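Treat the numbers as computed from the prediction; the structure is a model and nothing was measured.
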Amino acid sequence: MLFSAWYNPILGGINFYGVKNMHNRGSIARFISVCFICIFIICYGFYTAVFGVSDTSAAVFEGKGTLSSETEDLPSGTDSTPSEKVKSESSVSDSSSAESILTSASGVVKGKILSRYISPYSAPSSYNNTYMKNNTELSIDIKGLLSAELPYKIEKSDQVQVLIMHTHTTESFMTTDSDCYDDTFTSRSRDENLNMVKIGNIVAEKLNAAGIKTLHDTTQHDYPEYNGSYSRAAETICSYLKKYPGIKIVMDLHRDAISSNDTDKVKVVTEINGKKAAQVMIVMGSQSGSVKNFPDWQENLKLALRLQQTLEVMYPTLARPLSLNSKNYNESLTTGSILIEFGTDANTLEEACYSAEMVGNAAASLLNTLT
């Protein structure tokens, strides 16, 4: 027997010390064998703990979902800007290998970036190059609103006519064109060369160059707290209206966020003059649903529909359908308020800046007809 060479002396020792009840030497041998096995397991566990032997773990995707789902304590009748969830399409290429999905040059990949073009031409409501998605119970006469006069004229003088500002100033974009994003990605930045201030600067430059006196406020209303952004933005708007009573137009420039699932982000993109541009979306509020104290909402919608039309005529496919909602968005503060979304957090800064140039050109062209 294999153990006979070493258990015989042990058995003798056990009997020598007075073990009288164990007459079956086979039973004693089995008992000692079990003891040695237990000791071996304990020693191995101690060895692995001391010398750092461990299992490897697979990378885990940490999906954040749609960024625009953030909520804040908004003033009565206001809300954060909407976003759409776009379902993943089979036409998207999944050619990336498993290894490329888990790692990138800068960090662990968290999801894909999917390019989408949202056609304005499938909008439920349309008239003469104007496309709208009406998310309210209101009946909207697009033709009538387009032909109606606006309650103001734009003056070519040193008097400020337009205020550009940002409720969510730190919203930012991708810095590189990629088919994925990793754990170094952030959708917000205080750097004015990367966030909505950059977009506002471009639009303001276009309007000022066209002879329309424009101010650009760069206050970061969403920093350090996101909650309360609209309340703080309202205070800023009111202070400018008091200081510059000649302001006719208030443009609140944002950036949207769209997800396809828990991990993948969607960029909205079109090609104009051979160059990729982030699609834009005009977002308008109304006195409907639970929103009260917004009696002049149609004055804002008149302006928005004209800008939607101008964008389509000058740059077809740039604008997604205008989104009309039962919200306020601080648009009740003037009769010339308008909110514009530039792309999503998956669009590149270059794509968004190109769109800002075109929006600036279209806005200047429209406002020059209102003199």
Side-chain angles (χ1 to χ4, degrees), residues 54-72 79-119 122 133 135 168-191 194-196 198-199 222-223 225-227 229 254-271 276-281 283 320-321 323 341-353 355:
S54 61
D55 292 335
T56 57
S57 300
V60 179
F61 287 169
E62 185 183 346
K64 298 293 185 183
T66 304
L67 296 176
S68 282
S69 63
E70 296 169 302
T71 60
E72 55 168 294
D79 201 351
S80 56
T81 51
S83 91
E84 300 178 29
K85 279 212 168 188
V86 178
K87 195 173 184 180
S88 182
E89 297 175 359
S90 59
S91 60
V92 177
S93 173
D94 292 325
S95 59
S96 300
S97 66
E99 182 177 358
S100 67
I101 290 297
L102 293 176
T103 61
S104 70
S106 56
V108 177
V109 169
K110 298 178 71 175
K112 299 177 184 177
I113 292 178
L114 311 175
S115 293
R116 293 286 185 269
Y117 161 68
I118 299 178
S119 173
S122 58
K133 183 178 180 182
N135 300 305
H168 299 146
T169 318
T170 67
E171 290 173 331
S172 59
F173 303 88
M174 295 281 291
T175 55
T176 58
D177 194 0
S178 176
D179 59 0
C180 65
Y181 70 100
D182 58 37
D183 55 1
T184 65
F185 168 83
T186 175
S187 64
R188 296 184 181 273
S189 173
R190 296 197 67 200
D191 188 339
L194 301 176
N195 62 26
M196 294 309 301
K198 178 74 171 180
I199 304 304
D222 58 342
Y223 182 88
E225 294 291 334
Y226 182 84
N227 286 347
S229 299
H254 288 246
R255 181 227 67 212
D256 201 0
I258 303 175
S259 65
S260 176
N261 50 47
D262 288 342
T263 59
D264 299 338
K265 296 180 179 294
V266 175
K267 64 188 294 184
V268 286
V269 65
T270 186
E271 186 173 302
K276 287 199 295 185
Q279 285 188 285
V280 301
M281 179 173 66
V283 180
R320 296 155 59 183
S323 179
E341 302 264 18
F342 287 79
T344 73
D345 59 341
N347 280 99
T348 65
L349 179 63
E350 181 180 4
E351 292 164 350
C353 287
S355 299

Open item on the list: Tell me whether T176 contacts the main-chain N or O of S178 through its side chain, where contact means a donor paired with an acceptor under 3.5 Å.
Closed with: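 Side chain of T176 to backbone of S178: no pair is present.
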
TODO: Let me see the working for T344 and K265 under side-chain contact (heavy atoms from CB on, under 4.5 Å), right down to the final yes or no.
DONE: CA-CA 9 Å; T344 73; K265 296 180 179 294; over 6 Å; no

Side chains of [X] and [Y], heavy atoms from C-beta outward: is any pair under 4.5 Å?
X    : Y    : result
D256 : V268 : no
K276 : D177 : yes
T169 : D222 : yes

TODO: Could you check S355, S172, C353 and say which one makes a side chain to side chain contact (heavy atoms under 4.5 Å, CB included) with I199?
DONE: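 When S355, S172, C353 are each tested with I199, the side chain to side chain contact (heavy atoms under 4.5 Å, CB included) holds only for C353.
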
TODO: Could you check whether the rings of H168 and H254 sit parallel, tilted or perpendicular, using 30° and 60° as the cut-offs?
DONE: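 Correct class here is perpendicular.
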
Task: Pair E351 + K267, salt bridge at N-O below 4.0 Å - done: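 Yes.
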
Spacing of [X] atom [atom1] and [Y] atom [atom2] [to the nearest 0.5 Å]:
X    : Y    : atom1 : atom2 : answer
D179 : L114 : CG    : CG    : 9.5 Å
R116 : S260 : CZ    : OG    : 6.0 Å
Y181 : D264 : OH    : CG    : 7.0 Å
R188 : Y226 : CZ    : OH    : 5.5 Å

Do you know the tightest heavy-atom contact between [X] and [Y]?
X    : Y    : answer
S323 : N135 : OG-ND2, 3.2 Å
R255 : E341 : C-OE1, 3.0 Å
M174 : D345 : CG-O, 3.5 Å
V266 : S259 : CG2-C, 4.1 Å
F342 : F173 : O-CE2, 3.2 Å
D182 : G107 : OD2-N, 3.8 Å

Task: Cation-pi, F185 ring and K110 (6.0 angstrom, 45 degrees) - done: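 Judged by the rule (NZ or CZ under 6.0 Å from the ring centre, within 45° of its axis), K110 is not positioned above F185.
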
